[in-house]
Each structure stands twice: as structure tokens, then as C-alpha cells.
Protein chains: 2
Amino acid sequence: MAEDRVTQAVGVARELLEADGPDAVSMRAIADRMGMRAPSLYKHVPDKATLEVHLIAAALAEFGAVLHAAGPNLPALAQAYRSWATAHPHLYTLATAQPLPRDRLPEGLEDRAAAPLLKACGGDRDRARAAWAGAHGLVSLELADRFPPDADLDAAWDAFAAAFAA
Amino acid sequence: MAEDRVTQAVGVARELLEADGPDAVSMRAIADRMGMRAPSLYKHVPDKATLEVHLIAAALAEFGAVLHAAGPNLPALAQAYRSWATAHPHLYTLATAQPLPRDRLPEGLEDRAAAPLLKACGGDRDRARAAWAGAHGLVSLELADRFPPDADLDAAWDAFAAAFAA
DNA sequence: GAGTGTAGCTAACACCGTTAGCCCGCGCAA
DNA sequence: TTGCGCGGGCTAACGGTGTTAGCTACACTC
């Protein structure tokens, strides 16, 4: 059978990333787990960046599905956003901290992930972007441990939700 | 005289970072610009991480001063936040994307940078954190080119300000 | 059976941060 | 003046990274 070595490599990369963070994701480590040496990996994958693009695509698809399932109301979306991101911190960061390789991503992926929030904002794109930024900001500051240790994150999320409820 | 080689190294690191991004900041490149080889740099600086801590401290101090100068009202703060960050994208990212090495930073640096926003929010810490997250989210998504090319960022900032104006 | 493509391998390159060990020259003390 | 320590430069090297070149062995086809 030998199901596609590329998807296998992406899976291994995801395991490594989620378990031990971005520094653990090396071509040699991936190859090791696939039972081969690093150079052989290049018979299946052109380079590491491509692998990361696949990882980002998978992450966005999964994340988008979670948001979609939360339905188009803002508090539920915020909760889903935060809980997925904190459950997959390295994946969230990978998919979010760098420019999107839009030309190498499946058509419509981005829009599909954004759709629930846009609907929750009644189609107001600017408002949706501001809300997205709020959620992303809260999540990424939390993931980077930027809030003081005594900060009440739930309360901060409530304040965020309150600002956008009006 | 030989003004402190450490501050000189930090200055060079900043130049490299601002000019060509984080990948350009290598110990060898810094040493080159100082007219020496990389190993000699270690006679003055214990390691690269320490250099980065100095860079972060300098960035936070400068950024904090800019915010302070903007005064404690939210629209002015938002404008100052965005314009400093976009003027120094790599520096902003460096100082913001990783956990703060709080134990190695000057006492009170963090609070001083946060003070203007806290005052603008009337001392409501949760609200201030939500507002900070909004600004940080907008900036970091903009810096990472995450908004669609046709997005009107000014309008998104207005929507953000409107949400927190009420 | 000859040939061809797939998929593994080792060796190597250029870079990274970092360490070990050498050596030169300056200041200071006897 | 002589000797000595040490600050501050150097080269060589280690182990890591992504990646390429070039070899080989197996399977499949004609």
C-alpha cells in the first residue's frame, strides 16, 4: 500500500512539532521516524518549506472546521478559537506567525476558516477583522506567556467579548 | 575609550535585524561588522541569547517611551502603537513573539511600557489587556501579511477603536 | 536477459552557535 | 629592567541544520 510518503512525512512533522516544538522538527528527525536517512526524504518532498505548507494547510482546515462547528455567534467562536489554539500551541503559531503561502494553499481554505466569524459580525469585514485581531492577540500573547503571572485571562476574554458585544 | 563592546554588539545586532530580518543576525555577522571573528565576540558576550535580551530591553524601553509620549488616550495610543511597530517590524516581533525573560530585564520595564494603556483604560486591567491584545493582534497580523491584499487596515483599526470606545 | 526508473544510501557543502587552546602585547610589580 | 598575568584577538574544531551529488540495488518492462 505504502500510503503517500508525503502525507506520512507531514504527519510525523506534526507529531514532532506538537510534542517538542518547532526546534524538534528537523528533516533528519522526520526521516528517522520514517525509517530512513534525511537525504532520502528528498526523494519524496522537495524541501522543508513545502512540508510546512502542508502542515499549515492541515492546521487551517482543522481549525476552520472547529470554528464552523461552533456556529456563527461570537462568544462560542471566541471559546472555540481559544481552546483549539491552546490545545495546539505550536501548530497555531506555525500557521499564524508567518505570511501565508497563499499561492500554494488549497483554494478557499482561508475564506472557509474566516467565514464563521464574518457571519457572526453580520458581514462587516472591518469589524470581523478587528474581532479576529482581538482573539489572535489574546491567544498569541497567552501562548507567548506575555501576560503577568497573576493575570486573569478569562476576565480579559470577557472584556474582549464585552467590547464587541455592543 | 573603547565604549562598551556589549552595547556596540547590541547596536550592530539591531542594525542587522532591522535591515535584513532575524536570519541576518548571526554571531559571525555581528563579529564581522565589529572587525573581529565570531569566537572573539564571546570574550565580551556570553551567548547570543544574552544579546537578544539586551535588544529586547532596548526595544521595550524605546517603545514604552513612544507610548508614554502619545499620552493616555486610546486613539492616540493605538496610532502610536501601530506606527512604531510597523516602523520596526523585526524588532517588534522579536520583543513580542517569545516569552519575556523577565528575570533578566530591568526592573519595571514591562510596567512602564504598559502604563499609558492602563491609564487610558481607567485602571481596568482586564479591559487594558483586551485592548492591548487587539492592538497586538492587528499589528502582528499586519506584519505577517495575514490580511487579504484588499483589506482596508485603517478601517479595521477604526472598528477596533470603536469597539473599545463605548 | 537488457534496460530503466524508483528509492534507498554515504559523503559532502555551507551555514549556524559555541568551545578549546594558542599567542601576542600591555600594564604592573619586583 | 625583567618577568608575569591577563585581556583580547586568533584558528581549528564540534555537533547541529538544510540540502546536493553521486552511487547502488531492486523491481518492472520489453
Side-chain angles (χ1 to χ4, degrees), chain A residues 1-59 90-91 93-95 97-101 104, chain B residues 1-59 90-91 93-95 97-99 101 103-104:
Chain A
M1 280 290 111
E3 76 283 357
D4 196 345
R5 292 310 189 91
V6 177
T7 61
Q8 185 190 354
V10 174
V12 170
R14 176 167 179 167
E15 285 174 23
L16 290 167
L17 178 68
E18 300 221 49
D20 296 321
D23 289 355
V25 184
S26 73
M27 294 300 270
R28 283 172 174 86
I30 296 168
D32 266 10
R33 288 222 183 175
M34 295 174 68
M36 61 175 77
R37 304 312 187 86
S40 305
L41 206 43
Y42 287 81
K43 296 283 156 121
H44 307 286
V45 175
D47 53 25
K48 197 188 178 188
T50 301
L51 228 39
E52 277 171 2
V53 170
H54 285 250
L55 214 42
I56 291 172
H90 298 300
L91 207 50
T93 301
L94 175 72
Q98 24 181 337
L100 264 195
R104 310 178 60 188
Chain B
M1 281 291 114
E3 75 283 356
D4 197 345
R5 293 312 189 88
V6 177
T7 59
Q8 185 188 356
V10 174
V12 170
R14 177 168 177 166
E15 286 174 22
L16 290 166
L17 177 67
E18 299 219 50
D20 296 321
D23 290 354
V25 184
S26 73
M27 294 301 268
R28 284 171 173 87
I30 295 168
D32 265 10
R33 288 221 182 177
M34 295 176 67
M36 61 176 77
R37 304 311 188 86
S40 304
L41 206 43
Y42 287 81
K43 295 282 157 112
H44 306 286
V45 175
D47 53 24
K48 197 188 179 188
T50 301
L51 228 38
E52 277 171 2
V53 170
H54 284 250
L55 215 42
I56 291 172
H90 298 299
L91 206 51
T93 301
L94 175 72
Q98 24 181 336
D103 46 340
R104 310 178 60 188

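Residue numbering restarts at 1 for every chain, and letters A, B, ... go by the order of the sequence lines.
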Please give me the minimum heavy-atom distance between [X] and [Y], naming the atom from each residue.
{"X": "B/I30", "Y": "B/A13", "value": "CD1-CB, 3.9 Å"}
{"X": "A/A9", "Y": "A/L41", "value": "CB-CD1, 4.5 Å"}
{"X": "A/A95", "Y": "A/A59", "value": "CB-CB, 4.3 Å"}
{"X": "A/V53", "Y": "A/R104", "value": "CG1-O, 3.7 Å"}

Point-to-point distance, once rounded to the nearest 0.5 Å, from [atom1] of [X] to [atom2] of [Y]:
{"X": "B/I56", "Y": "B/H54", "atom1": "CD1", "atom2": "NE2", "result": "11.0 Å"}
{"X": "A/H44", "Y": "A/L51", "atom1": "NE2", "atom2": "CG", "result": "12.0 Å"}
{"X": "B/L91", "Y": "B/E18", "atom1": "CG", "atom2": "CD", "result": "5.0 Å"}

Please write out the pairs of protein N or O atoms and N or O atoms of nucleotides 9-14 of chain D separated by less than 3.5 Å, giving the distance to one decimal.
from   : atom 1 : to    : atom 2 : distance (Å)
D/dG9  : OP2    : B/H44 : NE2    : 2.5
D/dG9  : N7     : B/K43 : NZ     : 3.4
D/dG9  : O6     : B/K43 : NZ     : 2.6
D/dC10 : OP2    : B/R37 : N      : 2.7
D/dC10 : OP2    : B/S40 : OG     : 2.9
D/dT11 : OP2    : B/R37 : NH1    : 3.4

Distance check needed: [N] [atom2] versus [X] [atom1], whole Å only.
{"X": "B/I30", "N": "C/dG17", "atom1": "CD1", "atom2": "C1'", "result": "11 Å"}
{"X": "B/D23", "N": "C/dG17", "atom1": "CG", "atom2": "C1'", "result": "14 Å"}
{"X": "B/M27", "N": "D/dG16", "atom1": "CE", "atom2": "C1'", "result": "16 Å"}
{"X": "B/Y42", "N": "C/dC16", "atom1": "OH", "atom2": "P", "result": "11 Å"}

Sugar-phosphate only, base, or nothing, as touched by A/V25 at under 4.0 Å among non-hydrogen atoms: sugar-phosphate

Contact list for DNA chain C against residues 47-57 of chain A - heavy-atom distance below 4.0 Å: none

Contact check, side chains of B/R37 and B/M27, non-hydrogen atoms, under 4.5 Å: no

Along DNA chain C (nearest heavy atom to each residue), the more 5'-positioned of B/P46 and A/L41: A/L41

